[in-house]
**Q** 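Before I ask anything, let me first share the structure, which is written out below as structure tokens.
Side-chain atoms are counted along with the backbone in the values below, which use heavy atoms only and exclude waters and symmetry mates.
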Amino acid sequence: MFRFKKRANNKKYRLSTMARRLVTVSDSKSIISEQFRTIRTNISFSLPDRDLKTILITSSTPGEGKSTNAANLGVVFAHEGKRVLIVDADMRKPTLHYTFALFNTVGLSTLLSRQSEFQQAFQETPIVGLYVLTSGPIPPNPAELLASKTFDVLLREMQNHFDIIIFDAPPLLSVSDAQLLAHKSDGTLLIVHSGVAEKEDVLKAKAILTSSKAKILGVVLNNYKMPKKSKYYYEYFKTSV
């Protein structure tokens, strides 16, 4: 029977640490958590004729919130009863091991360079059904590792063990990593930081995805400030869920 690597750390402590970073854990009835559940529903219905298992989360530039979105989406998919894996595919500036309070001594880079075994690299989170594959130590050649046949074999193996696989990838305009992953994923979600992202950069990112024949599931407008006139509606909605 296949077994994943367990953490020896106190589960209650890890959950409280995660809650400070994940709104879907700390405040599951908030309007923001509800929006993540809406995104989950929209993703599920976006490709009705295909079995969507691999989702790429990326952005045009750094700092737009792609990793936070990837983590929270992983949580809401797990809450739905799915067996979910979040992969930190940003082997240049990884962050998911901080979000979930995990070790990062083994991970994607050690698997792709054949320095660790499949069963050793995956770690459980306190969220039932949610697992994380951290980036592993930063390698000198991330793009080459993602383009390798070893990655294709690993992807097939992951698909055998999980219902949903979410890739947290580097920004599209910085390096080619996300473009490589977009071509191999069933769908791509583009994160756009409201009021910060430049229209020209977003259009360039879309062009890159199109050229790589990626299936764009949609765009998430992150950190959008709701108009004050909508205050009462959202307060009512918040207390009703």
**Q** Quick check: does any side chain N or O of Thr38 sit under 3.5 Å from a backbone N or O of Glu34, one acting as donor and the other as acceptor?
**A** yes

**Q** Taking Ile208 as the fixed residue, which of Thr58, Leu203, Leu172 is the one that meets the side-chain contact (heavy atoms from CB on, under 4.5 Å) rule?
**A** Leu172

**Q** Taking the side chain as everything from C-beta on, heavy atoms only, tell me whether Leu108 gets closer than 4.5 Å to Leu146.
**A** yes

**Q** Give a yes-or-no answer on whether the side chains of Ser60 and Glu64 include a donor-acceptor pair shorter than 3.5 Å.
**A** yes

**Q** What distance separates Ile86 CD1 from Leu133 CG, expressed to the nearest 0.5 Å?
**A** 11.0 Å

**Q** Run the salt bridge (charged side-chain N to carboxylate O under 4.0 Å, His left out) test against Lys206 and tell me which residues pass, sequence neighbours left out.
**A** none

**Q** Any side-chain heavy-atom pair from Leu189 and Ile43 closer than 4.5 angstrom?
**A** yes

**Q** Where do Ile166 and Ile164 come nearest, in terms of heavy atoms and distance?
**A** CG1-CG2, 3.9 Å

**Q** Give, for atom CG of Leu56 and atom NZ of Lys184, the distance between the pair rounded to the nearest 0.5 Å.
**A** 12.0 Å

**Q** Show, in sequence, the C-alpha distance, side-chain angles and deciding distance for Asp201 and Thr61, and conclude whether the side chain to side chain donor-acceptor pair (under 3.5 Å) test is met.
**A** CA-CA 8 Å; Asp201 289 338; Thr61 56; 5.1 Å; no

**Q** Quick one: do Ser116 and Thr110 satisfy side chain to side chain donor-acceptor pair (under 3.5 Å)? Show the steps, please.
**A** CA-CA 6 Å; Ser116 61; Thr110 57; 2.8 Å; yes

**Q** Using side-chain heavy atoms (C-beta onward) and a distance below 4.5 Å, is Phe167 in contact with Leu155?
**A** yes

**Q** Do you know the tightest heavy-atom contact between Thr150 and Arg114?
**A** OG1-NH2, 3.2 Å

**Q** Is atom NE2 of His97 surrounded by more than 12 heavy atoms (other residues, nucleotides or ligands) closer than 6.0 Å?
**A** yes

**Q** For Thr41, enumerate each residue passing the side-chain hydrogen bond (donor to acceptor under 3.5 Å, both in side chains) test, keeping only those at least two apart in sequence or located in another chain.
**A** none

**Q** Determine the minimum heavy-atom distance between Glu124 and Tyr131, stating which atoms define it.
**A** CG-CE2, 3.1 Å

**Q** Does Lys215 have any side-chain hydrogen bond (donor to acceptor under 3.5 Å, both in side chains) partners at least two apart in sequence or in another chain, and if so, which?
**A** none

**Q** Under the side chain to side chain contact (heavy atoms under 4.5 Å, CB included) rule, what do Leu217 and Leu52 come out as? Steps first, then yes or no, please.
**A** CA-CA 11 Å; Leu217 300 174; Leu52 191 151; 3.8 Å; yes

**Q** Any donor and acceptor pair, going by atom type alone, linking the side chain of Ser185 with main-chain N or O of Ala182 inside 3.5 Å?
**A** no

**Q** Working note: Phe118 + His161, criterion side chain to side chain contact (heavy atoms under 4.5 Å, CB included); need CA distance, chi angles, decisive distance, verdict.
**A** CA-CA 11 Å; Phe118 186 79; His161 291 96; 3.9 Å; yes

**Q** Begin with the C-alpha distance, continue with both residues' side-chain angles, and end with the deciding distance and a verdict on side chain to side chain contact (heavy atoms under 4.5 Å, CB included) for Phe122 and Val106.
**A** CA-CA 9 Å; Phe122 298 87; Val106 296; over 6 Å; no

**Q** Looking only at non-hydrogen atoms, find the nearest pair between Leu181 and Ala89 and report the distance.
**A** CD1-CB, 3.5 Å

**Q** Please check this pair: side chain of Ser212 against backbone of Leu209, looking for a donor-acceptor N/O pair closer than 3.5 Å.
**A** yes

**Q** Tell me every residue that passes side-chain hydrogen bond (donor to acceptor under 3.5 Å, both in side chains) with Glu80, counting only those two or more places apart in sequence or in another chain.
**A** Lys82

**Q** So if I apply the side-chain hydrogen bond (donor to acceptor under 3.5 Å, both in side chains) rule between Ser30 and each of Ser33, Ser28, Ser26, which one comes out positive?
**A** Ser33

**Q** Check for me, please, whether Tyr98 and Ile138 land in the same ILVMFWY cluster - side-chain distances under 4.5 Å, paths through other members count.
**A** no

**Q** To the nearest 0.5 Å, what is the distance between OG1 on Thr125 and CZ on Phe100?
**A** 6.0 Å

**Q** Can you give the donor-acceptor pairs under 3.5 Å from side chains of residues 65-79 to other protein atoms, not counting sequence neighbours?
**A**
{"residue": "Lys66", "atom": "NZ", "partner": "Asp168", "partner atom": "OD1", "Å": "2.9"}
{"residue": "Lys66", "atom": "NZ", "partner": "Ala169", "partner atom": "O", "Å": "3.0"}
{"residue": "Ser67", "atom": "OG", "partner": "Thr95", "partner atom": "OG1", "Å": "3.3"}
{"residue": "Ser67", "atom": "OG", "partner": "Asp168", "partner atom": "OD1", "Å": "3.3"}
{"residue": "Ser67", "atom": "OG", "partner": "Asp168", "partner atom": "OD2", "Å": "2.6"}
{"residue": "Asn69", "atom": "ND2", "partner": "Gly65", "partner atom": "O", "Å": "2.8"}
{"residue": "Asn72", "atom": "OD1", "partner": "Val23", "partner atom": "N", "Å": "3.4"}
{"residue": "Asn72", "atom": "OD1", "partner": "Thr24", "partner atom": "N", "Å": "3.2"}
{"residue": "Asn72", "atom": "OD1", "partner": "Thr24", "partner atom": "OG1", "Å": "2.6"}
{"residue": "Asn72", "atom": "ND2", "partner": "Thr68", "partner atom": "O", "Å": "2.9"}

**Q** Which side-chain hydrogen bond (donor to acceptor under 3.5 Å, both in side chains) pairs, counting each pair once, include a residue from residues 170-181, with sequence neighbours left out?
**A** Arg92-Asp177

**Q** How far does OG1 of Thr54 sit from CG of Asp186, to the nearest 0.5 angstrom?
**A** 3.0 Å

**Q** Could you pull out all residues at least two apart from Lys204 that satisfy salt bridge (charged side-chain N to carboxylate O under 4.0 Å, His left out)?
**A** Glu200

**Q** Could you measure the distance from the CE atom of Met158 to the CG atom of Asn160? Nearest 0.5 Å is fine.
**A** 10.5 Å

**Q** Using 0.5 Å steps for rounding, measure from the CD atom of Gln123 to the CZ atom of Phe103.
**A** 8.0 Å

**Q** List for me each residue that meets side chain to side chain contact (heavy atoms under 4.5 Å, CB included) alongside Ser109, sequence neighbours excluded, and say none if there are none.
**A** Met91, Pro137, Pro139

**Q** Partners of Ser113 by side-chain hydrogen bond (donor to acceptor under 3.5 Å, both in side chains), sequence neighbours excluded?
**A** Gln115

**Q** Can you pull the side-chain hydrogen bond (donor to acceptor under 3.5 Å, both in side chains) pairs that have at least one residue in residues 132-146, sequence neighbours excluded?
**A** Asn104-Thr134, Asn104-Ser135

**Q** Honestly curious: do Ile39 and Ile32 fall in one hydrophobic cluster under the side-chain, below-4.5 Å linking rule?
**A** yes

**Q** Throw together a table of side-chain donor-acceptor distances under 3.5 angstrom for residues 190-198, partners on residues two or more places apart or in other chains.
**A**
{"residue": "His193", "atom": "NE2", "partner": "Asn223", "partner atom": "ND2", "Å": "3.2"}

**Q** Return the set of residues passing salt bridge (charged side-chain N to carboxylate O under 4.0 Å, His left out) with Asp163 (not counting sequence neighbours), or none when no residue passes.
**A** none

